[in-house]
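Before any comments, here is the structure.
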Amino acid sequence: MDDFYRENILDHYRNPRNAGTLEDATHTHEENNPLCGDVIRIDLHVNDDNVINEVAFKGRGCAISQASASMLMEMIQGKTLDEAKAIGKEEILEALGIEIGPTRLKCALLSLKVLKAGAYGLSESEWNKDDDW
Amino acid sequence: MDDFYRENILDHYRNPRNAGTLEDATHTHEENNPLCGDVIRIDLHVNDDNVINEVAFKGRGCAISQASASMLMEMIQGKTLDEAKAIGKEEILEALGIEIGPTRLKCALLSLKVLKAGAYGLSESEWNKDDDW
Amino acid sequence: MFDVEKIIQDFPILNQGGTSKPLTYLDSTASSQKPTAVIEAMDTYYREYNANVHRGIYQISEKASDAYEKSRKKVGRFINARNWREIIFTRNATESLNLVAYSWGQANIKAGDVIITTEMEHHANLIPWQQLAARNGATVKYIPVTEQGYLDMAAFEAMLSPEVKLVAVTQMSNVLGTIPPIDDIIEKAHAVGALVLLDGAQSVPHMPVDVQALDCDFLAFSGHKMLGPTGIGVLWAREEILNAMPPFMTGGDMIKHVSFEGSTWNDLPWKFEAGTPAIAEVIGLGYAVDYLNTLGMDNIRQHEIDIVTYALDQLNQVEGLRIFGPKTPENRGGSISFTLGDIHPHDVSAILDSEGVAVRAGHHCAMPLHEKFGLAATTRASFYIYNTNSDVDRLVIGLDKCLNLMA
Amino acid sequence: MFDVEKIIQDFPILNQGGTSKPLTYLDSTASSQKPTAVIEAMDTYYREYNANVHRGIYQISEKASDAYEKSRKKVGRFINARNWREIIFTRNATESLNLVAYSWGQANIKAGDVIITTEMEHHANLIPWQQLAARNGATVKYIPVTEQGYLDMAAFEAMLSPEVKLVAVTQMSNVLGTIPPIDDIIEKAHAVGALVLLDGAQSVPHMPVDVQALDCDFLAFSGHKMLGPTGIGVLWAREEILNAMPPFMTGGDMIKHVSFEGSTWNDLPWKFEAGTPAIAEVIGLGYAVDYLNTLGMDNIRQHEIDIVTYALDQLNQVEGLRIFGPKTPENRGGSISFTLGDIHPHDVSAILDSEGVAVRAGHHCAMPLHEKFGLAATTRASFYIYNTNSDVDRLVIGLDKCLNLMA
Ligand SMILES: Cc1ncc(COP(=O)(O)O)c(C=O)c1O
Ligand SMILES: Cc1ncc(COP(=O)(O)O)c(C=O)c1O
């Protein structure tokens, strides 16, 4: 337990960074995890230099999904779109710093899915490509 | 093997009693066993005293189905319809004198089924009643 | 006679365990654990007489056929079917329900007809009827669930009309635990000429079920929830109804005669069992039924009433815990779904897991019911023959840790 | 590397046996025997981590989900699928074929369309198309089988037209052993815009199958014929096709969102897996695939060519024995169907059984083919990885006894 709910996860969960929505978002997308009802919406503002200069997320769900969304927001803010696109599963799991089984993996990666499938406009099969086997 | 194909079964198989058809049958019926293609047709002639005075069967199939049909013909000939109706599974199995598994049971009882379901005009659920459990 | 400590000895997983802490298994509503007798029966089949059934004229195949059909009789007697021909083996309760929706449904549901189900159904007893209705222009109506988790019977009565062809209702809710007034439902449905299908996925494992006494028309249930293996389910229906139904899946074993022009169908029950069946699983289910019979379904029901009585009492003392469904043990089964303050059920479940307590979190395949209660998910603890009051205690201790950590 | 004596050690039934005489098992075409690794994998699941999959947030459920999805990947790689989402778990090959007929078929087969299949199909790859055609006003055409057991390819070509929407053909006959010219069939079918479904129930266990190299569209097969348990089958199809297909059965686990108004479906492959799946069986199948991979499918195919070569040679010397199907081992699999004079196949099989030799007698779920050859039944001996030439010798000795006794 103390292992699973590490202080940094609980911290992000209790104090999410960049919570809310953006009025002037250039990209907005929402996804839910049908198995548990977790929902995450992400708003981005990408400027003319292709830099993500504003981020916000809004969600409902478990500590893992909300904390990982909060962490992801920190990771992409200030990056260019291309830099942000390079962020994958491994980076999220590393940030969480815990071992995650297949069911909760969906919670942990929900925010990444919103970003890739939605904000970056990648199709499921594209962003899932590394996941073919 | 020597157990399974006892002399009396092989004898009935090689020399079936009452093989053929009746021109003046009062009852005629045919059934097949869908699982193996065995076919048996039975013709009866029942006289005014309700006595089965003539019997004949025609068939195609394995030694068990043909021998048991031949044995059944011997059993019912000369009996009244009511007496014949009392003949069941047990009598046939006793006549064959061997232990029979569930698959071949269908072969062994095919002629009885023809008689009960067809010649006696009983519905499947009636003649199968003892077989509900 | 009903000695829980002795029962626990029969379940390998509760003794050796696959978890780091000893396992408190409170998820039998999702799938029950299996006793040694069931596991070994399948093992023995594979090691000693594995062969395809029905058509083999050699010893091991005859033995397999015999064991397969003996299991059918065991299952038939267990629910007091009229005869073994009324027992159809499927993969799970879900397939049993789909079989009825495809076969009976396509032949009997026409435009304008009404199918009644309830707001508390598992998706398996909901979507097949929605799909059937959409295909054929019929309507699905839902008996409302009250705040207390009961069916609104007045609303049900108001729905009844000659257009109602089927009432498909659970005999025990997998979320709320509710045991609806089935006798009443069957009587009223039959009065307007509707057939009644019972989803027995939760009732058959947990209480005595007698289809003749109930006078229902269809009953669907799953082996894996009643001590049996995965991959095996059952559809029971009255023989006349099954006889009149067209086949569902077609292929080997379900035919009388096949030609290039067309085919005729085998007798019951094989007409509905196309292809090589789940032989080992059917045999395993037979042993599960034997095990349940030895304990006695009345005793099992009483054990669950006892443990639910204790659990409701203990859980009511946990801060911020809200239980959904009937509060009286006599009207409910052993599934207790709840929320714990604002803590997400996933987190509750994960924290409980770290304490060795296995519960389920989510919508439990009853999304519309959860939405009705304004929830995305609940946590569910469920009890079976091998659970004791000390499992309840471990659950409560775990919930206290959740509160400490997350609140 | 391919050491039959060592392989036999892995199969409990071939060592301890359930028959009074040691078992010569020549019925693997109906169902194969199972190695210890497969039996124990399921045992371990039930004893150590039995739990429902996909939704449980506790250790044993996570472990079960993981093992379940790992098996899917193993199966996918085994037939060289593009990705694991193309692998759908069913009960058996029969259900896989029915899934295509109901889901793809209802959406794509219209009045006037043509479905081509062959005269040598198993009922499972015949009746679903007859039923589909009858429902939708389409026509089924049958590629004729020649006296020698080959497909009449000229007749096939003459059938091709833009109306042909599906060509459903076996990759290896379970009666004649015939391996049809699949590459040619696929190329010609695709040229008129038809999809190609392969019945791989016999091919997948017995030879290398690569769906990408074949460029087929659907492939159906069964676990129990390839060292796996009963109760588990596979449908593979191209992802685009599966994505476009409506669901077959509906219920839990196959949904994204459910409301009283309707439902949306889950992603592949779960869209087609409604309800609690055959968890233990899927895990067992994964171990069966591991076992086959260790031996190597090329080696298995070569072993069967060798044993069939010997068997054809020996059987040709039995008086009055007539073999159906190709006489050249390269063009056939390990199923050899024959008649022995006028002796009924049931009697042949029963006498062989009394000698400890298990063969099958009947129409082998290919009634139309048997009727075409003017037969009600044949006897079939079939070979697999654990059979040796001395099994062939025991078969021949048994056939001589049949002749002595019955002629
Ligand atoms: C060629 C072929 N197709 C389909 C099947 C059906 O397989 P199952 O009974 O496992 O569904 C079989 C096996 O009997 C077969 O040999
Ligand atoms: C009430 C109810 N109905 C149907 C089902 C479906 O059972 P299965 O998944 O075994 O098909 C379940 C189990 O999840 C259930 O609890």
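Proteins come first, then strands; the chains are lettered A, B, ... in the order of their sequence lines, and each starts at number 1.
Side-chain contact check for E371(D) and S259(C): no donor-acceptor pair (N or O, by modelled atom type) lies under 3.5 Å.
A tilted orientation is assigned to the rings of Y142(C) and F260(D), their planes being inclined by 30° to 60°.
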Steps toward side chain to side chain contact (heavy atoms under 4.5 Å, CB included) verdict (L97(C), T250(D)): CA-CA 9 Å; L97(C) 294 160; T250(D) 54; over 6 Å; no
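Y46(D) has its side chain within reach of P229(C): a pair of non-hydrogen atoms, C-beta onward, lies under 4.5 Å apart. Side-chain contact between D27(C) and Y58(D): present, with at least one pair of heavy atoms (C-beta onward) separated by less than 4.5 Å. Between E281(D) and E281(C) there is a side-chain heavy-atom pair separated by less than 4.5 Å.
Not one N or O on the side chain of T94(D) forms a donor-acceptor pair closer than 3.5 Å with the backbone of A274(C). With hydrogens and angles disregarded, a donor-acceptor distance shorter than 3.5 Å links the side chain of Y102(C) to the backbone of F248(D). Side chain of S349(D) to backbone of I57(C): a donor-acceptor contact under 3.5 angstrom is found.
Partners of H364(D) according to the ring-ring contact (aromatic ring centres under 6.0 Å, His included) rule, which considers only residues two or more places apart in sequence or in another chain, are H370(D). F221(C) pairs by the ring-ring contact (aromatic ring centres under 6.0 Å, His included) definition with nothing, not counting sequence neighbours.
When heavy atoms are compared at a cutoff of 4.5 Å, V359(C) approaches chain D solely by way of its backbone atoms N, CA, C and O. For N98(C), the part sitting under 4.5 Å from any heavy atom of chain D is the side chain, from C-beta outward, and nothing else.
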